[in-house]
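For this chain, numbers begin at 1 and follow the sequence in order.
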Amino acid sequence: MNVISSIIATLSPEEKRNFISHLKQKNKRNDTRNLALFKLLDTTERLKNPDIILYGKPAKGAYHALCKRLHDRLIDFIAAKSFDKESSEEMETLKLLLASRIFFEQKKYKTGLKTINKGLLKAQQHDQYSILNEMYYTLIQHAHHLPDVLLSDIINDYTKNQQLLQQEERLNIFYATVQNILQTREKDATQAIIDDSLAQFGFSADTMSYRSLYKIMEISNIAANATMQHHVMLPFIEKVYQQISPQKETRLKHLFYHIQILYYVANSYFRNRNFTGSFTYLDSMHEKMLLQQKKFYKRFYPQYILLRGLTLNYTDKPLDAIQTLECIDERKYKDQLVYLLDIKLTLVVCYFQQYELKKALRIFQEFYHSDHWYIEKTGILWVLKKSLIEILLHIELANIELVSSRLTSFKKKYLPYLKKHQEHHILEFVKLITFIHMHPEKIPSEAFSTMVNASFSLEDTGQIDIFVMSFYAWLRSKIDHRSIYETTLQLIATRKNTI
């Protein structure tokens with residue numbers, strides 16, 4: 001797939017239709033071939049001699065020139081689309097900044113000052129440090145024309161804002177550094193990675209802004225998901241949350257960040273099997289979603305529903321969980337693709353645990369994209385989970401040939417990755433389901449039970465992630481001749497007190 005095809009692949013069907021209309025409006029001649037080229041490249045197939053297809057004869061030069069023009073049109077279209085979706089608060093502040101500069105240039109100093117002061121208030125409300133930097137700089141430039149403004153006050157505000165802006169920049173570097181370390185280092189000492197990186201960049205929770213604390217918690221949550229060390233990260237996440245100002249004014253000013261932080265805390269409690277704590281923070285999250293005329297309700301509803309459905313499922317309320325997850329309207333939340341995919345996969349698991357295998361398979365068949373597409377959208381861990389659930393589903397449905405092909409495909413695609421990243425639990429699980437597939441008659445044996453217990457080292461299961469425990473429960477149910485769901489709940493209940 002060439003560059004233009006890759007760009008086209010990022011567009012939704014509606015965006016493609018809009019782009020075609022955009023091209024038609026821009027075309028001044030009827031013989032322009034950019035529409036034909038767009039339709040030709042809107043495919044995953046590798047094309048041979050596309051110039052001959054378009055022109056009816058070899059025309060490499062004309063073809064490359066046409067590609068260049070279409071590429072530029074696509075970039076312009078995507079850029080314009082991104083401006084349309086840009087934060088309304090940020091765009092409004094930028095407009096006020098630009099308007100004030102025009103007024104100052106035209107020597108309309110009172111109007112310019114009034115306009116930029118309005119922008120300053122908006123930018124301060126939303127911690128827009130880079131825009132504030134430009135506003136203070138503009139005021140310093142024109143301070144000698146503004147008798148009501150003290151230059152020393154502006155310089156003081158400018159200096160304070162620069163410190164906040166620099167902290168924001170260091171935080172972005174910290175974020176990238178931790179992400180890089182997590183990809184290259186072994187999966188121990190996750191907490192040490194966070195602590196060392198915070199110290200390296202000179203961060204102190206006591207002096208950080210609300211938004212900075214939110215970003216610290218965001219990277220902590222990513223680290224816990226990447227390493228499955230939620231038991232290690234929970235104390236840190238609780239500590240960071242305690243640093244957040246309890247004042248109502250601060251919470252309302254940073255409502256978006258507060259809602260997301262509550263989700264992170266609720267998710268951390270869930271992954272550590274503290275379901276009471278998870279429900280508590282989910283209730284608080286929903287309460288905040290209703291504030292400011294439900295300003296952020298749509299934005300957070302899918303992830304709220306996902307975590308609430310999961311928590312219900314693991315607290316012996318499977319029917320409530322399924323009903324909760326099924327209530328989501330995909331058309332309404334299509335911009336929240338990752339959470340919609342998570343909800344679908346969770347529904348598959350819920351039905352699977354209840355032996356509603358046909359319903360599970362029917363939902364699973366809606367995952368019609370390639371693994372590569374899903375990796376780009378959701379990450380490889382989601383795809384690994386999806387692939388393993390599909391194999392288990394076909395084992396339960398006794399689709400022997402499909403199990404064989406899916407196992408072979410999984411090993412070919414992902415064993416090198418799993419070995420490189422030391423995903424021991426997944427490697428052991430694949431080995432065990434391969435054994436079950438090849439030797440189903442040996443499942444009741446004591447030797448197989450010993451093999452399963454040895455593979456998962458369950459004397460320390462208080463530290464095993466809840467989703468890993470769920471896969472283990474399927475193995476255990478085979479040995480104990482009990483339902484998957486009953487086995488899952490029992491394992492969680494007997495192990496969660498060890499956390």
Side-chain angles (χ1 to χ4, degrees), residues 228 270-271 273 275 306-307 309-326 342-365 367 382 384-400 402-403 406-407 410 425-426 428-446 448-458 461-462 464-496:
M228 296 295 185
F270 166 74
R271 297 296 285 264
R273 289 168 262 167
F275 302 120
L306 170 65
L307 189 52
L310 280 166
T311 310
L312 285 167
N313 187 57
Y314 286 93
T315 50
D316 202 12
K317 299 180 181 68
L319 298 183
D320 290 344
I322 290 170
Q323 185 177 13
T324 298
L325 295 167
E326 285 183 332
D342 278 339
I343 287 170
K344 275 189 179 181
L345 194 59
T346 302
L347 263 174
V348 171
V349 172
C350 289
Y351 280 128
F352 178 78
Q353 289 176 335
Q354 301 303 318
Y355 286 103
E356 295 277 4
L357 302 180
K358 290 184 178 179
K359 289 183 180 179
L361 184 62
R362 189 157 53 245
I363 296 173
F364 201 94
Q365 288 169 342
F367 298 130
W382 187 92
L384 290 170
K385 192 159 46 176
K386 176 185 79 74
S387 300
L388 290 174
I389 291 169
E390 182 185 19
I391 292 169
L392 300 189
L393 185 55
H394 286 304
I395 288 175
E396 292 296 330
L397 288 166
N399 296 330
I400 307 303
L402 280 175
V403 174
R406 296 295 190 272
L407 271 172
F410 183 89
H425 281 131
I426 300 178
E428 290 298 324
F429 187 74
V430 172
K431 187 189 299 182
L432 288 166
I433 60 177
T434 301
F435 182 88
I436 288 175
H437 174 58
M438 300 298 294
H439 308 285
E441 75 283 354
K442 295 184 179 180
I443 294 174
S445 68
E446 186 66 31
F448 178 70
S449 179
T450 302
M451 188 191 311
V452 170
N453 290 334
S455 296
F456 278 82
S457 301
L458 285 171
T461 47
I464 291 183
D465 180 76
I466 189 170
F467 294 138
V468 175
M469 179 71 77
S470 299
F471 280 108
Y472 169 73
W474 177 79
L475 290 169
R476 194 73 245 174
S477 71
K478 295 293 181 186
I479 297 168
D480 297 341
H481 303 289
R482 292 190 312 179
S483 76
I484 302 167
Y485 191 67
E486 180 186 357
T487 306
T488 303
L489 294 185
Q490 185 186 38
L491 281 171
I492 289 170
T494 56
R495 302 293 179 176
K496 68 181 180 181

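Screening residues 475-486 for salt bridge (charged side-chain N to carboxylate O under 4.0 Å, His left out), with sequence neighbours left out, gives E396-K478, R476-D480, R482-E486.
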Per-pair distances, 0.1 Å, donor-acceptor, side chain in residues 431-444, under 3.5 Å, sequence neighbours excluded:
residue, atom, partner, partner atom, Å
T434, OG1, K411, NZ, 3.1
T434, OG1, V430, O, 2.7
H437, NE2, S404, OG, 2.8

Indicate every side-chain donor-acceptor pair of residues 346-361 with a distance under 3.5 Å to a residue at least two apart or in another chain.
residue, atom, partner, partner atom, Å
T346, OG1, D342, O, 2.7
Y351, OH, E326, OE2, 2.3
Q353, OE1, N313, ND2, 2.9

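Contacts of S470 classified as side chain to side chain donor-acceptor pair (under 3.5 Å), with partners at least two apart in sequence or in another chain: Y314. Judged as a side chain to side chain contact (heavy atoms under 4.5 Å, CB included), and not counting sequence neighbours, the contacts of L489 are D316, Y485. For the side chain to side chain contact (heavy atoms under 4.5 Å, CB included) test, residues two or more places apart in sequence or in another chain that qualify with T324 are I305, L312. Considering only residues two or more places apart in sequence or on other chains, D320 meets the side chain to side chain donor-acceptor pair (under 3.5 Å) condition with none of them. Residues satisfying the side chain to side chain contact (heavy atoms under 4.5 Å, CB included) test with T315, not counting sequence neighbours, are F275, F279, K317. Taking K344 as the reference, E366 meet the side chain to side chain donor-acceptor pair (under 3.5 Å) condition, with sequence neighbours excluded.
Remark: E446 CD to M451 CE distance equals 11.5 Å, nearest 0.5 Å. Separating the CG atom in L393 from the NZ atom in K386 is a distance of 11.5 Å, to the nearest 0.5 Å. Between the CG atom in L384 and the CD1 atom in I426 there is a gap of 5.0 Å [rounded to 0.5 Å]. Expressed to the nearest 0.5 Å, how far CG of L310 lies from CD1 of I343 amounts to 9.5 Å. Atom CG of residue L407 and atom NE2 of residue H394 lie 11.0 Å apart, to the nearest 0.5 angstrom. Remark: F270 CZ to I466 CD1 distance equals 4.0 Å, nearest 0.5 Å.
Residues T488 and I484 are in side-chain contact: their nearest non-hydrogen atoms beyond the backbone lie under 4.5 Å apart. Taking the side chain as every heavy atom from C-beta outward, H425 and Y472 never approach each other to under 4.5 Å.
Residues A321 and G309 come closest through the heavy atom pair CB-O, 3.2 Å. Taking each heavy atom of A473 and T487 in turn, the nearest pair found is O-CG2, 3.6 Å.
Aromatic pair W382/F367: ring centres closer than 6.0 Å.
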request  = Before giving the answer on side chain to side chain contact (heavy atoms under 4.5 Å, CB included), spell out for F429 and L475 the whole-Å C-alpha distance, their side-chain angles and the decisive distance to 0.1 Å.
outcome  = CA-CA 9 Å; F429 187 74; L475 290 169; 3.7 Å; yes

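Residue W474 forms a side-chain contact (heavy atoms from CB on, under 4.5 Å) with just one option from L388, I395, I389, and that option is I395.
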